[in-house]
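In what follows, a single structure is set out as structure tokens and then discussed.
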Amino acid sequence: MEPAPVLPPFRIFSPTPLLAAAAVALSGPSFAQGIDVPEEDVVEAQLAQLGANVPGSIFAMQPFRNDQSLQADDGTTYTLTSLNPHVNSWFILEITPANGRSRFAHFENAAPEIWDISLIDEDGPALLIEGDGDSFACAPWDDGELAEAQDSSLPFAPICDWSIFVRNPVSGNRTTREAVAEFLRDNVIFGESIVNLIKGAFFEDAFMISSEGEEELEEIDGVELLGNALLDNTPNMRPYMGFELIGTDAGAMTAGAWYEVEDSPGIYASVMQPGMIANEVFQVPGANGLDGIERRADVYLVAFDMARFDIGYELGTEHPRLGWSSRPSNRHGQGRGPDGFDRPDPVVRTGMLNPAFAERVAATFTGGFKRDHGAWRFGDYSTFNYGHHYGFMQNGVLISRLWPNLATLYLTQDGEVAMRTWREEDDALLPELTFARQNGVAIIEDGVPGPRVTSWGGGNWSGDANATLRTLRGGTCMRTVEDRQFLIYAYFSTATPSAMARTFQAYQCDYAMLLDMNSQEHTYMALYVHDEDGGEMDVQHLVSGMAEADPDNGRVPRFISAPDNRDFFYLLRRE
């Protein structure tokens with residue numbers, strides 16, 4: 001384990017780099033109407049709220065928020081808050097009667113690149129929606145449209161001619177195994193120990209598969225840019241993969257080679273086992289040796305040519321939570337979570353893809369750890385920054401603070417997809433971020449194993465109660481080849497962090513991070529093939545057992561047609 005650095009007991013966000021970035025944003029073009037970024041002194045004050053030891057509310061977490069208010073003749077006040085005008089996606093409407101209690105609605109802009117939304121007085125308060133040379137007023141609280149949308153139980157209920165979605169609270173789907181695990185954790189004394197016992201006894205190698213022994217396949221055309229993984233042994237393999245691939249020999253794949261997925265341009269699949277990795281990879285220090293089981297355990301990889309796709313991130317209805325993880329003892333004692341709250345209200349989490357994206361969706365895969373596992377129990381990272389709870393942002397709205405030292409996958413407003421270890425100076429990127437998800441520490445950094453790959457407690461790699469690291473795991477990496485960027489998802493049927501590191505090394509990844517582990521529900525990945533008319537969608541799971549996580553006995557696509565309790569990433573085909 002690495003020696004603990006000499007650092008302060010907690011982190012205070014510094015507004016200085018953020019103010020510089022905000023000033024640049026303020027100097028750029030503003031929306032024709034809409035709600036713009038506030039003046040610099042307001043941004044400075046709001047940055048100070050975020051930079052406090054404990055922000056204390058979901059609004060205090062948004063340094064670029066701005067609002068407008070109007071009062072109706074009956075004294076009712078309408079306040080519309082843009083949570084991040086840079087992104088122009090999420091808005092909170094607060095309706096406060098003259099002598100009554102406020103009620104809230106969470107709006108999502110159906111087309112933030114087109115529509116600007118603001119409040120105007122149109123014979124009373126109304127929403128002004130304008131863009132692309134068009135504009136109209138809408139007062140959904142007057143004609144009952146807003147009340148009907150909020151009573152609909154739809155995760156996304158359209159109003160104002162489908163220019164706005166009302167995000168409604170819903171219950172996320174979960175499998176029986178997931179529900180039992182959560183019941184134990186939430187309701188049974190020592191429940192976490194029981195869950196760890198179950199994982200150790202039943203799940204450690206439960207999903208390990210092995211398919212070596214086939215003859216070598218000829219390399220196919222069309223995927224030369226990705227090339228082959230660095231392997232010393234490249235047999236033919238017959239993986240239990242749920243995709244239809246181009247160029248295989250009746251399903252047989254050459255280990256380490258890439259194959260295009262049929263009817264899915266820009267998506268490629270590969271299979272290997274860590275025991276096949278070239279000796280030159282193992283000569284790079286930073287990872288432990290592999291045991292006999294993980295050496296022959298299949299790894300399935302899926303690569304996305306990011307020139308063809310947009311990427312997004314959606315929080316689950318429940319996970320990751322916002323309260324304290326049970327792991328760290330370093331707490332500030334000022335609220336129910338590291339940011340001072342344990343609920344995002346009035347922000348609503350739907351756990352489901354916005355239906356506006358349904359015709360473009362190409363793939364989904366689950367996000368990172370739940371909150372209870374997403375912080376340090378042991379090692380130096382448990383002793384400051386309140387245990388380094390993994391942070392996350394969606395649609396430009398910071399839901400849980402981003403902490404330095406953590407592996408972070410993020411997207412900027414100009415379309416840059418990046419993966420890196422977050423640094424304190426990276427807070428200057430906040431005005432540019434669309435989403436961010438942190439999960440542990442680097443598996444690969446600058447092409448070599450991360451500095452904590454071999455430290456169970458120092459890397460917070462989890463496993464079972466006996467610190468057994470080998471289990472089913474999912475991870476992702478970024479690779480750039482001749483200025484083309486690929487996002488690679490990897491499913492390890494059983495592996496330690498060291499086996500993951502060596503695999504990502506063999507595939508020449510620039511940076512890699514862990515996602516989740518222990519079950520096929522937590523490492524879920526699916527592709528979606530649309531027919532030419534857009535009316536039918538074929539769901540293809542990376543592994544057939546992942547279909548069990550789809551609701552209604554697998555007939556309803558998880559994340560796409562039903563809300564889910566877990567967070568997820570999604571890939572959309574560019575139009």
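Note that CD1 of Ile164 is 5.5 Å distant from CZ of Phe107, once rounded to the nearest 0.5 Å. For the atom pair CG of Asn88 and CG of Asn395, the computed distance is 10.5 Å after rounding to the nearest 0.5 Å. With rounding to the nearest 0.5 angstrom, the CG atom of Asn565 is 12.0 Å from the CG atom of Leu315. Atom CD of residue Gln413 and atom OG1 of residue Thr434 lie 5.0 Å apart, to the nearest 0.5 angstrom. Here OG1 of Thr412 is found 6.5 Å from CD of Glu432. Values are rounded to the nearest 0.5 Å. The line from OG of Ser400 to CE of Met393 is 11.0 Å long, rounded to the nearest 0.5 Å.
Proximity of Arg573 to Ser264: side-chain heavy atoms (C-beta onward) are separated by under 4.5 Å at one or more points. With a 4.5 Å cut-off on side-chain heavy atoms, Ser329 and Ser382 do not count as touching. Looking at Leu487 and Met478, their side chains come closer than 4.5 Å, going by heavy atoms from C-beta outward. The side-chain heavy atoms of Leu469 and Pro497, taken from C-beta on, include a pair separated by under 4.5 Å. Side-chain atoms of Ile399 and Leu322, non-hydrogen and from C-beta on, do get closer than 4.5 Å to each other. Side-chain contact between Thr317 and Ser171 is absent, with no heavy-atom pair separated by less than 4.5 Å. Inter-residue side-chain proximity for Gln46 and Pro38 is flagged as met; some heavy-atom pair is nearer than 4.5 Å. Side-chain contact check for Leu398 versus Phe392: every heavy-atom pair is 4.5 Å or farther apart.
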Ring pair (Phe, Tyr, Trp, His ring centres under 6.0 Å) between Phe504 and Phe492, worked out: CA-CA 11 Å; Phe504 285 129; Phe492 298 80; 5.7 Å; yes

Worked verdict on Ile488 versus Thr476 for side chain to side chain contact (heavy atoms under 4.5 Å, CB included): CA-CA 5 Å; Ile488 299 176; Thr476 185; 5.7 Å; no

Derivation and outcome, ring pair (Phe, Tyr, Trp, His ring centres under 6.0 Å), residues Tyr489 and Phe569: CA-CA 11 Å; Tyr489 176 86; Phe569 295 94; 9.6 Å; no

Residue pair Asn53, His332: steps toward the side chain to side chain donor-acceptor pair (under 3.5 Å) verdict: CA-CA 8 Å; Asn53 190 20; His332 49 59; 5.9 Å; no

Check against side chain to side chain donor-acceptor pair (under 3.5 Å), Tyr300 and Ser493: CA-CA 8 Å; Tyr300 298 164; Ser493 57; over 6 Å; no

Working for ring pair (Phe, Tyr, Trp, His ring centres under 6.0 Å), residues Trp461 and His373: CA-CA 9 Å; Trp461 298 114; His373 297 155; over 10 Å; no

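Closest approach of Val54 to Gly340, counting heavy atoms only: CG1-CA, 3.3 Å. For the residue pair Ala139 and Pro125, the shortest heavy atom distance occurs at CB-O, 3.9 Å. The two residues Arg327 and Ser462 have their closest heavy-atom pair at NH2-OG, 3.8 Å. Closest approach of Pro158 and Glu145 over heavy atoms only: O-OE2, 4.3 Å. In this structure, Ile58 and Asp345 approach most closely via the heavy-atom pair CG2-O, 3.6 Å. Across Asn405 and Val441, no two heavy atoms sit closer than the pair O-CG1, 3.7 Å.
Taking the six-membered ring where the residue is Trp, Phe384 and Tyr381 present perpendicular rings, their angle passing 60° and hence far from 30°. Between Phe378 and Trp456, the ring planes are tilted. Angles from 30° to 60° get that label.
Counted by atom type alone, Asn460 and Arg377 present zero donor-acceptor pairs between their side chains at under 3.5 Å. With hydrogens and angles left out, the side-chain atoms of His541 and Asp550 include a donor and acceptor closer than 3.5 Å. Defined by atom type and a distance below 3.5 Å, a donor-acceptor pair is present between the side-chain atoms of Thr408 and Gln438. Gln520 and Tyr491 are linked by a side-chain donor-acceptor pair at a separation below 3.5 angstrom, with hydrogens and angles left out of the test. In this structure, a donor-acceptor pair under 3.5 Å is present between the side chains of His522 and Arg566. When only modelled atom types and interatomic distance are considered, Asp567 and His319 share no side-chain donor-acceptor pair under 3.5 Å. A side-chain donor-acceptor contact under 3.5 Å links Ser326 and Asp372. Using modelled atom types and a 3.5 Å distance limit, the side chains of Glu314 and Gln394 yield a donor-acceptor pair. Asp161 and Ser163 share no donor-acceptor pair across their side chains, judged by distance under 3.5 Å alone. No hydrogens or angles considered: nothing links the side chains of Thr79 and Asp67 as a donor-acceptor pair under 3.5 Å.
Enclosure of atom CZ in Arg336 is not indicated, since only 12 or fewer non-hydrogen atoms of other residues, nucleotides or ligands lie within 6.0 angstrom. Under a cut-off of 6.0 angstrom, the local environment of CD in Glu148 is sparse, with at most 12 non-hydrogen atoms contributed by other residues, nucleotides or ligands. A 6.0 Å sphere centred on CZ of Arg331 holds more than 12 heavy atoms belonging to other residues, nucleotides or ligands.
A cation-pi arrangement, defined by a distance under 6.0 Å to the six-membered ring centre and an angle within 45 degrees of its axis, is absent between Arg420 and Tyr410.
With ring centers used as reference points, Trp324 lies under 6.0 Å from His389.
A salt bridge is defined here as a Lys NZ or Arg NE, NH1 or NH2 lying under 4.0 Å from an Asp or Glu carboxylate O, and Arg360 with Asp310 meets this definition.
In this structure a side-chain-to-backbone donor-acceptor pair under 3.5 Å is present from Arg371 to Gly323.
Qualifying side chain to side chain contact (heavy atoms under 4.5 Å, CB included) partners for Ala442, counting only residues two or more places apart in sequence or in other chains: Thr421, Glu445, Tyr511.
Counting only residues at least two apart or on different chains, the side-chain hydrogen bond (donor to acceptor under 3.5 Å, both in side chains) pairs with a member in residues 102-114 are Trp90-Glu108, Glu94-Ser102, Thr96-Ser102, Glu108-Arg167, Glu108-Asn354.
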